[in-house]
Amino acid sequence: MSTFSAPKGTYDLIPPGSADFLAVREAISAPLRRAGYGYVETPGFEQVELFARGVGASTDIVTKEMYTLTTKGGDELALRPEGTASVLRAALQANLHRGALPVKLWYSGSYYRYERPQAGRYRHFSQVGAEALGAEDPALDAELVILAADAYRSLGLRDVRLLLNSLGDAECRPVYRAALQEFLRGLDLDEETRARVEINPLRVLDDKREAVQRQLAGAPLMRDHLCEACKGYHEQVRDLLTAADVAFEDDPRLVRGLDYYTRTTFEFVHDGLGAQSAVGGGGRYDGLSEMIGGPALPSVGWALGVDRTVLALRAEGVTPELPAHTEVFAVPAGEEARRTLFGLLTVLRRSGVAADFAYGGKGMKNGMKSANRSGARLALVLGERDLAEGVVQVKDLASGEQEAVPLASAVERVRAKLS
Ligand code: ATP
Ligand code: MG
């Protein structure tokens, strides 16, 4: 062990477990790519002000969880705590919103939050996200939810539940907000929560403490205050999900705290994860663009947590389809055989075969041990006598069967055996 270890709240992805992370990123992004979402990548840090405005100055993320820094040049930056504000900033900066709408984008990367580390909650974590900018259409909300549900399904996860709600819009939400505030002001709450009632009352519904939840039993609900337009919109989203065979549960308490979140809101939860049950979430954010200085741009998106999705796979005992692992392992004996076999390995790899080699000048016995440990299906063994005869031994590692194949046709033969 070295003197150093990964910082608190972080961990390294190491083989073989790291393959699960690749598989999850691939499974989440594949449906998006098929649905016309283009890849976007933004810097790991942005101006603090972007997140203060884009995530919300009163949110836990901004007040407690952001890693901020002042550069030598005096800029106030923050490591990105989430993706939406940056992606919207990038789209506006590139004038994508002046072209065909909606602009559909997906991203994948690392995010940073100064949180209390625990299972499923880290200071450095990984998300795959999707945003559809510039259209208000229930089919677009439904599309995103369906794509996320399909991603979980393709991974083989069975115990993911989808919670769904509508947060109303600029017409009906203010009336509800006032009613909720009046209710909350009558409760026995600590000072910090009372302050939140004034700035961000919907967030109080999300308070995880038992003592608070108990008092919220009779709180007014948004669904009883939705205007006709919001009711109709939400009905359409629900119908489209049902038609697509995506099961959901109405959760009238599901909220996002800020005024620019509107209408559709949803969360994917997994019951095998303990307290950190949310594997992903998202919703419509029709007012966000204006908050960061852009034009009106009604949008919807989600972010799915890669770390928690991997934990969910492990909780269910599901092994995702892994990207190609070693199929062929090459073991030479002698210097000239080594050079020849290394050449063959390179040609095999270039032809698309996943192949590895007994490096480090090990003897035949140790080389075969490595071959067996690699999980390869075939070993290529080349000794001095094979070399003299112009053949290579192709050994099936499961059956032990071995065949001498002319070097000139080895690539073809190996590929045929693997297919
Ligand atoms: P939570 O309520 O668990 O704090 P959140 O509402 O802060 O989640 P979002 O900002 O909606 O989460 O992020 C989307 C997803 O990213 C979450 O559903 C979760 O899977 C993942 N995520 C968020 N914070 C962390 C973290 N600190 N460590 C690991 N994954 C995280
Ligand atoms: Mg959080």
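Indexing begins at 1, ligand by ligand and atom by atom, following the structure's order.
- Counting heavy-atom neighbours within 6.0 Å of E412 CD, excluding the residue itself, gives a total of 12 or less.
- If you look at F342 and F357, their ring centroids are closer than 6.0 Å.
- Applying the side chain to side chain donor-acceptor pair (under 3.5 Å) test to K104 and every residue at least two apart in sequence or in another chain returns E143.
- Checking D239 against T242 by side-chain atom types alone, no donor-acceptor pair falls below 3.5 Å.
- The aromatic rings of Y114 and Y67 sit perpendicular to each other, their planes meeting at more than 60°, with 30° as the lower class boundary.
- Classification of the Y261-Y285 ring pair by plane angle, with boundaries at 30° and 60°, yields perpendicular.
- Sorted by chain and number, the heavy-atom contacts of ligand 1 below 4.0 Å come from R113, E115, G120, R121, Y122, F125, Q127, K208, R256, A278, V279, G280, A303, G305, R308.
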